[in-house]
Amino acid sequence: MLSYALRRLLGAIPTVFLVVTLSFFLIRIAPGGPFDLERPLDPKTLENLNRVFGLDRPLPEQYWRYLTGLMRGDFGPSFTWRDFSVAELFAGALPVSMGLGGAALLIAILVGTGLGIAAAMRQNRAADHAAMAVATVGLTIPNFVVAPLLQIAFGLVLGLLPVGGWNGGAWRNGVLPVIVLALPQIAVVARLTRASLIEQLRSPSIRTLRAAGLPERRVLAHALRAAALPVVSYLGPAAAALLTGSVVVETIFGIPGVGRFFVEGALNRDYTLVMGTVVLIAIFVIAVNLLVDLLYALIDPRVRY
């Protein structure tokens, strides 16, 4: 397994390189620039800014300088937040996004798995229909609709929770964003768990265990272990998306996470900030997918690398 992990990590290097290359040139092709304002800058000032940030150099040279800096862990300076580098912005924003995303992921696993098991064990009964109805609602209503509704209900009407802001990471400010992030994941996990568990409970191996007189609790444990594979497969990319920040949720609630910086960077043509966010997400996706593949061998003894 160790050799497999090392091969995957080595194979990820060309993937990251391709992501960096495509992102670098695509964002340069997009119209506009980091210093295009409603009131145009003085030509001399614009020339000085381009020289300071290296934008006056040929595009291949800019690409090579960015690539060599990235190899050293340097994401470059931010064009918008000119007193900070992109790495410094991420150092403050990434823990915020990871904290919210991690809490939402944990809630999604616990609640979604519970709903899925309850629905599978009572298939086509009232509990099954109720659980799937809740999952369908959570899946179909987008978070940019759920978030304002929760803000109105719990913030303005009931006055129980803040409608936005971060307040240094106070738990009350994180409740609503975590709920909004968790709801669609709960729905997907519940539906996957239900479908996979029903399939496993009908499998020949489970019928054999029941025929051998194994207690129902242990039968369910065996079925859950096999049913976990599709759920784990889904949680890989879902975890990468949650841990690197939600653009919509962080913008609505005014949370200083990675997702919000991505929006601001795109609107302001902050090349290095957008590039840094893309590279960060790519690294998370590769790392989480590798972790998921390794978990397969722990969950299912038939999987070998």
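Positions are given from 1 along the sequence. Hydrogens, waters and symmetry mates are skipped; everything else that's a heavy atom, side chains included, is used.
- Pairing each heavy atom of Ala91 with each of Pro95, the nearest pair is O-CD, 3.2 Å.
- Of all heavy-atom pairs spanning Gly155 and Val163, the tightest one is CA-CG1, 3.6 Å.
- Across all their heavy atoms, Gly236 and Val288 have their closest contact at O-CG1, 2.9 Å.
- Not a single ring-ring contact (aromatic ring centres under 6.0 Å, His included) links Phe144 to another residue, sequence neighbours left out.
- For the pair Ile252 and Gln151, the minimum side-chain heavy-atom distance is below 4.5 Å.
- There is a path of hydrophobic side-chain contacts, each under 4.5 Å, that joins Phe17 to Met275.
- Residues Val279 and Val19 have side chains not in contact (no heavy-atom distance under 4.5 Å, counting atoms from C-beta outward).
- Here the straight-line distance linking atom OG1 of Thr193 with atom CD1 of Ile198 works out to 11.0 Å at 0.5 Å rounding.
- Residues meeting the ring-ring contact (aromatic ring centres under 6.0 Å, His included) test with Phe90, sequence neighbours left out: Phe75.
- Side-chain contact between Leu100 and Trp166 is present, with heavy atoms from C-beta onward closer than 4.5 Å.
- Looking only at side-chain heavy atoms (C-beta outward), Ile109 and Val189 stay at 4.5 Å or farther from each other.
- Across all their heavy atoms, Ala93 and Gly257 have their closest contact at CB-C, 3.6 Å.
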Report task. Go through the steps for Leu183 and Asn143 under the test side chain to side chain contact (heavy atoms under 4.5 Å, CB included), then give the verdict. Result -> CA-CA 8 Å; Leu183 283 176; Asn143 50 19; over 6 Å; no

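- The backbone N or O of Arg65 sits less than 3.5 Å from a side-chain atom of Thr68, completing a donor-acceptor pair.
- Pairing each heavy atom of Ala120 with each of Leu197, the nearest pair is CB-CD2, 3.6 Å.
- Applying the side-chain contact (heavy atoms from CB on, under 4.5 Å) test to Ser233 and every residue at least two apart in sequence or in another chain returns Tyr296.
- Linking ILVMFWY side-chain heavy atoms closer than 4.5 Å, directly or via other members, places Ile283 and Val285 in two distinct hydrophobic clusters.
- Clustering of Ile, Leu, Val, Met, Phe, Trp and Tyr side chains at separations under 4.5 Å leaves Met132 isolated, with no partner residue.
- Using modelled atom types, no side-chain atom of Thr272 and backbone atom of Gly76 make a donor-acceptor pair closer than 3.5 Å.
- Just one of Leu115, Val111, Ile117 meets the side chain to side chain contact (heavy atoms under 4.5 Å, CB included) condition when paired with Thr113; it is Ile117.
- No continuous path of ILVMFWY side-chain contacts below 4.5 Å connects Leu224 to Leu110, so the two sit in separate hydrophobic clusters.
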Residues 169-182 side chain polar contacts: donor-acceptor under 3.5 Å, at least two apart:
unit_1 : atom_1 : unit_2 : atom_2 : d
Arg172 : NH2    : Leu160 : O      : 2.5
Asn173 : ND2    : Gly164 : O      : 3.4
Asn173 : ND2    : Gly165 : O      : 3.2

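- Not a single side chain to side chain donor-acceptor pair (under 3.5 Å) links Thr277 to another residue, sequence neighbours left out.
- Leu94 and Val16 fall within a single hydrophobic cluster, where Ile, Leu, Val, Met, Phe, Trp and Tyr are joined by side-chain heavy atoms under 4.5 Å apart, directly or via other members.
- The structure places OH of Tyr234 at 15.0 Å from OG of Ser196, a figure rounded to the nearest 0.5 Å.
- Of all the heavy atoms in Phe24 and Gln62, the pair that sits closest is CZ-C, 3.7 Å.
- Residues Val188 and Leu105 share a single hydrophobic cluster, defined by chaining ILVMFWY side chains whose heavy atoms lie under 4.5 Å apart.
- Looking at Ser78 and Leu89, their side chains come closer than 4.5 Å, going by heavy atoms from C-beta outward.
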